[in-house]
Amino acid sequence: MSWTSSAARIALLLAFAAMLGWYYGQPLWAVVAALLGLVVFWLHQMQRVQAWLRSAGQPPPETYGFWGDILSEIYQLQKKGREARAQLQSTVDYLQNSFSSMRDGVAIVDDHGVLKWFNQPAQTLLGLRAADQGQTLMNLARSPEFLRYFNRGEFGTPLEYRTAGDAGTWLRVEITRFGDGDRLLFIRDVTASMRMEKVRKDFVANVSHELRTPLTVISGYLATFLGDTTKLEPRYIKPLQQMLQQAERMENLLEDLLWLSRIESEQGLAMHSPVDIRALLAELQDELGTAYPRRRIELEVATDHEVPGDYRELYSAVSNLVVNAIKYSAEDSVVKISWRQQDGAYALTITDQGIGIDAAHIPRLTERFFRVEDSRSSATGGTGLGLAIVKHVAASHGARLQITSKLGRGSSFSLVFSDQGKATTGQPVSASVA
Ligand code: ADP
């Protein structure tokens with residue numbers, strides 16, 4: 001019923017009252033009496049509406065005219081609200097059920113670090129109790145590695161850590177932010193895959209180790225034969241030289257494999273005493289000066305900053321980068337090494353004016369045995385493991401490997417260390433093409 005028909009009914013009532021009053025000689029009093037009656041009726045209706053609103057969930061009382069319309073509209077709104085709430089609740093229940101039934105641990109932590117919710121696997125993996133819901137996660141988590149990772153707030157790369165106490169359970173934790181600073185934690189038991197990974201690494205290390213002795217014997221004899229070529233039949237000289245060259249390549253490969261598996265197994269355990277990069281570069285320049293006497297290597301050290309880490313690992317990483325710069329550039333070109341402060345971090349940059357790398361290859365450079373072109377590396381005698389070593393050393397020192405290159409113009413490889421020696425970004429390797 002609309003406003004106009006309600007107004008028309010009131011007007012009709014007043015007109016009728018006026019006519020009746022006129023008939024009895026009191027038209028004004030009759031209109032006043034009709035208005036009073038109307039006010040009393042409305043007051044009564046209001047009181048019923050109030051009583052109904054207080055009794056939540058009941059259908060509206062039978063009312064008449066305009067009041068009936070208002071009540072039924074309120075009732076419809078209430079009904080829609082209830083339905084929307086029920087739908088939302090069922091969605092929440094559904095999501096909670098699916099999270100609860102996951103085999104991985106799931107936990108929600110709010111912006112104040114309070115554990116809002118967790119499923120059964122999260123309880124087991126993190127060693128929580130059901131009553132811990134509503135407690136601060138910081139007071140409950142036991143692993144210092146987990147606490148450091150959680151507090152640091154850089155969740156670009158997941159954390160893998162060994163839980164304290166029990167028989168070597170490895171957990172992988174991924175944290176995602178959502179809402180107003182809330183965090184969603186996924187926790188997975190990766191002990192089995194870590195064991196497999198260890199078996200693989202041990203196998204590579206053992207094979208490399210076992211192959212080293214026979215190879216040393218072979219290359220030793222070959223070197224002896226070639227020591228005095230006058231006693232050799234001329235047709236054997238070239239094949240023997242090639243055999244020695246390949247044996248030496250294999251030796252280099254085994255050295256790199258052994259070194260890689262050693263730094264992999266030491267990852268996270270590296271001795272973190274300050275490394276004097278200035279001294280490291282001076283030693284490297286010395287060594288390279290002997291190995292490549294004709295190459296021009298320019299050194300620019302603009303800071304005395306020391307990097308917490310392992311000297312030998314850092315030395316091997318920088319030496320791989322510089323040797324690559326030498327290998328992949330012309331003999332008369334310059335290789336520059338610089339150590340300086342850069343945008344609040346410290347960058348060790350090796351720049352060459354060599355053949356450069358196509359943009360498409362850059363993301364794959366640090367993969368083991370990846371070569372831009374096979375011919376390129378066999379010509380230079382590379383093992384394909386150098387940049388894999390660099391990547392590992394960078395990761396264990398919280399540094400980022402930044403690669404910039406232009407085909408035919410040269411490349412620039414930087415190890416970027418943050419001020420505190422921790423990761424400057426979640427991505428251990430980043431690339432850009434000039
Ligand atoms: P390798 O022992 O073959 O040099 P690395 O892992 O050190 O293996 O390098 C992987 C590949 O990246 C190399 O085979 C080479 O193609 C390319 N590369 C590395 N450094 C440079 C550089 N400074 N200039 C051009 N190409 C490079």
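When a ligand or atom number is given, it counts from 1 through the structure's own listing order.
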Strictly below 4.0 Å, N to O, side chains only: are E300 and R340 in salt-bridge contact? yes
Donor-acceptor pairs under 3.5 Å, side chain of residues 103-111 to any protein atom, not counting sequence neighbours: which ones?
unit_1 : atom_1 : unit_2 : atom_2 : d
D104   : OD1    : R188   : NE     : 3.3
D104   : OD2    : R188   : NE     : 3.2
D104   : OD2    : R188   : NH2    : 2.8
D110   : OD1    : H112   : N      : 2.8
D110   : OD1    : G113   : N      : 3.1
D110   : OD1    : V114   : N      : 2.9

Show, in sequence, the C-alpha distance, side-chain angles and deciding distance for R295 and S329, and conclude whether the side-chain hydrogen bond (donor to acceptor under 3.5 Å, both in side chains) test is met. CA-CA 10 Å; R295 291 304 304 254; S329 63; 2.9 Å; yes
What I want to know is whether L387 and ligand 1 share at least one N or O pair that is separated by under 3.5 angstrom. yes
Assess the pair F155 and Y149: is the distance between their ring centroids shorter than 6.0 Å? yes
Taking CG in N151 as the centre, count heavy atoms belonging to other residues, nucleotides or ligands within less than 6.0 Å. Is the count above 12? yes
Around atom CZ of F178, are there more than 12 heavy atoms of other residues, nucleotides or ligands at under 6.0 Å? yes
[X] contact mode with ligand 1 (heavy-atom cut-off under 4.0 Å):
X	answer
K327	side chain
D352	side chain
F370	backbone

Could you tell me which residues satisfy side-chain hydrogen bond (donor to acceptor under 3.5 Å, both in side chains) with E298, sequence neighbours excluded, listed by chain and number? R296
With atoms numbered from 1 as shown, which atoms in ligand 1 lie under 4.0 angstrom from a non-hydrogen atom of [X]?
X	value
G386	5 (P), 6 (O), 7 (O)
G384	1 (P), 2 (O), 3 (O), 6 (O), 8 (O)
R371	3 (O), 14 (O)
I357	25 (C), 26 (N), 27 (C)

With a 4.0 Å cut-off on heavy atoms, does [X] reach ligand 1?
X	result
S411	yes
L365	yes
R368	no

Could you label the plane-to-plane angle of the H361 and F370 rings as parallel, tilted or perpendicular, counting under 30° as parallel and over 60° as perpendicular? tilted
